[in-house]
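Working notes, beginning with the structure itself.
The chain is numbered in sequence order, starting from 1. Worth knowing before you read on, the calculation uses all heavy atoms, side chains too, and leaves out hydrogens, waters and symmetry mates.
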Amino acid sequence: MIKKYKTAKLNKNVAPAKSDKQNYWAQSTQPWYEWSTNKPTSRSKSEERPLRQIPFFQSFRRDLREYLLTSTLHGLRYVGEKRLTWFERFFWLAAFGSSLMCAAFFILNVYAKWRMSPMIVSINPENMPLNQLPFPAITICNVNQAKKSVAERIKKSGDSIDKKLLESLCSTQTDADIFEDELADSANWDYTRSFLINVTQPCNEMLSVCIWNSAQMSCQDLFNAQLTDEGLCCTFNVVHREKMFRNPKALNDMNFTFPLPTVDWTPESGYPDDAPDDGFPWKPKGIGTDHGLTLVLDANTEEYYCASTKSTGFKILLHNPTETPNIAKLGEVYGPGMEARVAIQPRILDAQPSLKYIDVNKRLCLFSNEKELVFYRTYTLRNCEMECESRNVLDICKCVLYYMPKNKTTRVCGKADAKCYSNLKNYVPQGLERGCDECLPACTEISYSERPSGAPLNKALVNRYTDSISLAQNRSAEYFTNNMLIIHFYFEDNSFMRFTKGEIFGLTEFLSNTGGLLGLCMGFSMMSAVELLYYLTLRALCVARQRNTVQPFIK
């Protein structure tokens, strides 16, 4: 027993118990590992090896394969698939490149169409009501250039200047061939204007009856005398001179009277909200002849000496109230002894505001605030052409013709300038057409055309008609049927179709067409672009930063 005890005691000193072994590891002050980079450690040279850096090319290949396998673009995942052969992967790459080229071809076609023809004219679903449209301006001229009684008096007892002026009105020869140098200097514009007023039929003799909106009115309140390229004419429903010209006080022309308030109407802005109902230019009150303009015109064929046409009657032109009429070339001829009905048919063109952002060379029209005319306040193609012709004639002849826009300081061509203005056609390639290319159509235009119909007057029916109206002079039925023209101007509809100029392709339409082509060819979407941008920027930066911040594991 004693021997066994000693043996156990010796064994206790040699090997401790299990619990003592656990206490030994717990009491140790030095851990078996150390996770610190600040405290230096002693390592052998074999252990001090640098971290392995992945080459850039291998990293790029890895990221590229990851993008190809996860991309939403059609066909790219087959290019990055390792299980496919090189021939199969090349096939899908060629297919993707062909789709990309096809999409680029069609997108370029859409872009070329967008840039070259960005404007389209379409029918506006909203018609223009009649109460927002002005009644057209009407200019009437007797085709007779000189009254016979006045012409015979001039031929009998007139001076040589009047005889030459009369000859220039009725002869087919040019003024340069008629006037001699010593007489041409005396026939200046002031003298010629007085001659034209005296020899031409005045408005109070031409206009016998004027009926507006079923009410007979004084023709002097409705019409104003105006010198046009056809001579002395009578004009109805034009805007006031202060609204037509920029500086009306500087004009050297005939006086205009307006008994009612005037309105600042333009084709682009229309009538102001506070415009009175009876302001110039007048609005139509309804449809039909009872809400239009009825005129009884006296041609006075017995006074015909020479005419601008080969028949008797009148030249009538319907035009925009803000324009100067070109009645010599565009006026319609109506003969006496007829009752005519003229149905007015407006042609309305307007434009969307977005059209202003398209280049003028592409849309080929101008807004009123994009080009200011020198004389006219409202831009129209006709007004621009009139100023262009006037400017070119002034450059060539140092004067302007009497019916062209001018001011008091501009010299009006007299007969001494006949050699120049009579041969203007010789200067057309170098002069008149030079600079007129700047005159483009207005983006918003209103023009008028007529649909006439008529029948000859009957003597028995004329007597009943004259009893219902008060003529300026008592005329017999025979005189009435031989010299008078009854003409009615009216509208047929309460609303009218509008043609609107707009963008054929806006930015939204261009993007939708482009996206549709890319989606059809490659399955491209906005998220595909975000995906590609992510792999090129954010993904590459994050991987590079993570690779630089990895710390070594130290024993």
Side-chain angles (χ1 to χ4, degrees), residues 103 105-137 265-273 275 281 283-284 287 318-323 330 343-371 373 378-385 436-451 490-520:
F105 173 76
F106 288 112
I107 290 173
L108 289 177
N109 287 342
V110 173
Y111 179 77
K113 187 177 181 180
W114 182 36
R115 299 301 300 172
M116 298 304 297
S117 57
M119 189 182 70
I120 187 173
V121 180
S122 59
I123 297 177
N124 196 322
E126 183 180 356
N127 292 341
M128 175 173 283
L130 184 64
N131 57 5
Q132 296 182 8
L133 189 70
F135 205 86
W265 176 87
T266 62
E268 187 171 321
S269 60
Y271 283 94
D273 296 334
K283 302 178 184 179
I287 61 174
L318 278 62
H319 56 94
N320 192 307
T322 61
E323 294 179 347
L330 304 178
I344 303 170
Q345 297 177 336
R347 181 174 179 268
I348 306 169
L349 291 175
D350 57 9
Q352 296 177 353
S354 59
L355 210 64
K356 294 181 179 180
Y357 302 103
I358 299 178
D359 186 20
V360 176
N361 297 325
K362 299 295 190 302
R363 54 181 156 97
L364 298 177
C365 69
L366 291 172
F367 288 89
S368 58
N369 60 349
E370 291 179 336
K371 181 177 178 59
L373 300 178
T378 303
Y379 179 87
T380 64
L381 177 61
R382 176 57 189 160
N383 290 342
C384 183
E385 290 175 345
C436 291
D437 294 337
E438 65 188 20
C439 292
L440 298 175
C443 293
T444 301
E445 289 184 330
I446 296 179
S447 58
Y448 300 89
S449 60
E450 58 264 29
R451 185 175 58 83
Y490 63 97
F491 286 95
E492 292 182 310
D493 301 312
N494 284 317
S495 61
F496 302 95
M497 183 183 300
R498 293 189 298 174
F499 296 91
T500 301
K501 300 176 183 177
E503 287 182 304
I504 187 173
F505 278 127
L507 181 59
T508 303
E509 290 78 11
F510 176 74
L511 290 178
S512 63
N513 288 339
T514 303
L517 291 171
L518 290 174
L520 176 66

Side chain to side chain donor-acceptor pair (under 3.5 Å) against Glu385, all qualifying residues, sequence neighbours excluded
none

Rounded to the nearest 0.5 Å, what's the gap from CG on Leu373 to SG on Cys384? Could you check?
5.5 Å

So Trp265 and Pro321, do their side chains get closer than 4.5 Å, heavy atoms only?
yes

Suppose we screen for side chain to side chain contact (heavy atoms under 4.5 Å, CB included). Which residues come up paired with Ile287, at least two apart in sequence or across chains?
Leu130, Asn494

Is there a side-chain contact between Phe499 and Met497 in this structure, where contact means two heavy atoms from C-beta onward sitting under 4.5 Å apart?
yes

Would you say that Cys439 contacts Leu381 through its side chain, given a criterion of any heavy-atom pair below 4.5 Å between the two side chains?
yes

Once ring-ring contact (aromatic ring centres under 6.0 Å, His included) is applied, do any residues pair with Tyr379, and if so which ones, sequence neighbours excluded?
none

Can you list the residues that meet the side chain to side chain contact (heavy atoms under 4.5 Å, CB included) rule with Asn131, with sequence neighbours excluded?
Pro129

Look only at the side chain of Asp493 and the backbone of Ser495, and say whether a donor-acceptor pair between them is shorter than 3.5 Å.
no

For residues Lys501 and Cys365, determine if any side-chain heavy atom of one lies less than 4.5 Å from a side-chain heavy atom of the other.
yes

Mind checking what makes side chain to side chain contact (heavy atoms under 4.5 Å, CB included) contact with Val360, not counting sequence neighbours?
Arg363, Leu366, Glu370, Leu440

Donor-acceptor pairs under 3.5 Å, side chain of residues 346-358 to any protein atom, not counting sequence neighbours: which ones?
residue	atom	partner	partner atom	Å
Asp350	OD1	Thr500	OG1	2.8
Asp350	OD2	Arg498	NH1	3.3

Flag side-chain contact, heavy atom, 4.5 Å: His319 against Arg382:
no

Check: Asn320 and Pro136 side chains under 4.5 Å, non-hydrogen atoms
no

Residues in side chain to side chain donor-acceptor pair (under 3.5 Å) contact with Thr266, at least two apart in sequence or another chain
Ser269

Value for CG (Asn127) from CG (Leu133), rounded to nearest 0.5 Å, stands at 12.0 Å

Of all residues at least two apart in sequence or in a different chain, which pass the side chain to side chain donor-acceptor pair (under 3.5 Å) check with Glu323?
Thr380

Mind checking whether Phe105 and Leu517 have side chains closer than 4.5 Å, heavy atoms only?
no

Which residues pass the salt bridge (charged side-chain N to carboxylate O under 4.0 Å, His left out) test with Lys362, sequence neighbours left out?
none

Just verifying a value: how many Å separate Glu268 CD and Asn369 CG, rounded to the nearest 0.5 Å?
6.5 Å

Going by the rule side chain to side chain contact (heavy atoms under 4.5 Å, CB included), which residues pair with Thr514 if we only count those two or more places apart in sequence or in a different chain?
Ile107, Phe510, Leu518

Under the ring-ring contact (aromatic ring centres under 6.0 Å, His included) test, residues paired with Phe496 that sit two or more places apart:
Phe491

Within a reach of under 6.0 Å around CZ of Phe367, are more than 12 heavy atoms found that belong to other residues, nucleotides or ligands?
yes

Under the side chain to side chain donor-acceptor pair (under 3.5 Å) test, which residues partner Gln345, sequence neighbours left out?
none

